[in-house]
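Whatever order the structure lists ligands and atoms in, that order sets their numbers, starting from 1. Note that the structure is a prediction, hence the values are computed from the model and not measured.
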Amino acid sequence: MDAVKIGLLGLGTVGGGTVTVLTRNATEIARRAGRGIAIAHAAARDYNPSAINGLDQIARIGDDAFAVVNDPEVQIVVELIGGYSPARELVLQAIANGKHVVTANKALIARHGNEIFAAAQAAGVMVGFEAAVAGGIPIIKALREGLAANRIEWIAGIINGTGNFILTEMRDKGRDFADVLAEAQALGYAEADPTFDVEGIDAAHKLTILAALAFGIPLQFERCFTEGISKIDALDVTYAAELGYRIKHLGIARRAAAGIELRVHPTLIPHRRLIANVDGVMNAVLVKGDAVGPTLYYGAGAGAQPTASAVIADVVDVVRALTTDPNNRVPHLAFQPDALADTPVLAMEAVETAYYLRLSALDQPGVMARIASILGEEGISIEAIKQKEPNEGETHVPLVMLTHRVREGLMNQAIARIEALEAVAGAVTRIRVETLAG
Ligand code: HSE
């Protein structure tokens with residue numbers, strides 16, 4: 001049988017990795033897909049030929065991405081340019097032309113996935129996006145197929161490799177934030193705009209996708225609460241360790257009584273949890289299903305060949321399903337499109353979690369009691385409290401507290417009241433705490 005012809009948009013880190021892996025493993029991949037896979041047409045603005053093995057296997061390379069999606073020879077368009085636009089227009093054009101699409105673009109799927117999947121459904125084509133979440137980890141496949149029997153209760157994931165790399169290097173080697181970020185950029189891990197990594201936007205894109213697949217709800221990126229890692233202080237890393245915790249930047253999606261929690265923020269997790277020990281650029285996703293219990297997926301979350309691994313797996317899936325009835329394929333968002341639920345995504349004020357608080361309080365009788373009584377009045381129960389030694393000549397001491405679970409809205413009120421006390425200097429640092437118990 002003839003090779004399936006793909007069109008490749010982008011020859012950057014992931015595009016280059018895809019060409020390299022497709023070339024190196026061509027025979028093995030063809031044995032799995034049932035046919036060879038040939039790159040008929042690629043488009044890229046600029047690329048580094050010395051970083052890519054197999055460029056000579058590409059029949060035609062140009063710089064016009066629309067020429068690729070309009071090329072009658074191309075059956076599957078592989079979109080690896082990233083960003084919202086022109087990726088959205090290119091993907092919609094490919095679908096309108098009756099082509100299947102594979103993309104690694106989490107921003108595109110999180111923001112425009114509902115529109116893209118509706119168009120694909122109407123056209124009877126597939127859109128694969130395994131590489132959009134957690135790089136090389138087959139988490140989309142696991143959620144959509146492997147866990148199909150379960151009612152998913154919650155997901156918690158380290159889903160941004162750059163952020164995890166920064167936190168790990170800061171903790172283990174005391175390295176400077178900016179210096180580690182520059183290294184992540186040089187290694188091709190970081191987004192074109194690295195604030196997407198450090199402010200949690202990239203993780204929010206990925207969590208939005210995971211939540212839709214887990215709970216059968218439409219993609220709702222705009223409802224995701226997002227807090228980054230740029231304000232994490234070395235002090236908190238140290239105090240968290242003394243209390244038996246590690247700080248990780250987590251994406252959490254949970255089915256609560258009133259709706260779905262969807263939140264990305266730094267989180268204290270017990271250091272004994274496997275996921276607390278996921279370091280560097282590695283990603284990990286914990287999924288709790290009612291039947292299977294907790295399951296953990298671990299692997300490289302970024303980088304050329306790990307991401308190419310997921311892209312090519314999607315291409316193989318599409319090749320295998322080319323002749324199947326479009327109505328009998330695995331649904332894009334795991335649930336049948338007419339069976340998506342309108343369960344609301346909760347506002348952050350309605351989310352319930354435990355907290356780590358750090359504040360600077362006047363070292364005087366009655367101050368601790370006043371703070372504890374404000375927490376009590378707001379219905380917040382303290383689990384642990386530590387007063388650290390004051391620095392030489394200082395009037396204020398650091399106070400560190402762990403609380404039991406409480407609604408974020410009540411915690412906001414308590415923090416505002418504590419910050420208004422004359423005996424408290426500056427802002428209260430708040431980091432959410434999750435035990436992630438199975
Ligand atoms: N910038 C992303 C990360 C790339 O660091 O995880 C993979 O999506």
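Using a 4.0 Å cut-off between a side-chain N of Lys or Arg and a carboxylate O of Asp or Glu, Lys106 and Glu191 qualify as a salt bridge. Between Arg432 and Glu408 there is a salt bridge, since at least one side-chain N of the basic residue sits less than 4.0 Å from a carboxylate O of the acidic one. By the 4.0 Å N-to-carboxylate-O rule, Arg254 lies close enough to Glu434 to be salt-bridged with it. Under the 4.0 Å criterion applied to side-chain N and carboxylate O atoms, Arg358 and Asp236 are assigned as salt-bridge partners.
Residue Asp46 qualifies as open at atom CG: its count of foreign heavy atoms under 6.0 Å is 12 or below.
Defined by atom type and a distance below 3.5 Å, a donor-acceptor pair is present between the side-chain atoms of Arg430 and Asn412.
Residue Asp197 touches ligand 1 through its side chain alone, judged by heavy-atom distances below 4.0 Å. Here Val281 has no heavy atoms under 4.0 Å from ligand 1, in either its backbone or its side chain.
What sits closest to atom 8 (O) of ligand 1 on the protein, heavy atoms only, is Lys106 NZ, 2.6 Å.
Comparing Val133, Thr162, Val14 by heavy-atom distance to atom 5 (O) of ligand 1, the nearest is Thr162.
Aromatic rings of Phe221 and His205 (six-membered ring for Trp) have centroids within the 6.0 Å cut-off, being under it.
Against a heavy-atom cut-off of under 4.0 Å, Gly161 is close to the following atoms of ligand 1: 3 (C), 5 (O), 6 (O). Residue-ligand proximity, Glu191 to ligand 1, at heavy-atom distances under 4.0 Å covers atoms 1 (N), 2 (C), 4 (C). For ligand 1, the atoms lying closer than 4.0 Å to a non-hydrogen atom of Lys206 are 2 (C), 3 (C), 6 (O), 7 (C), 8 (O).
Residue-ligand proximity: Gly301 is placed with a non-hydrogen atom under 4.0 Å from ligand 1.
Looking at Asn283 next to ligand 1, no N or O pair under 3.5 Å apart turns up.
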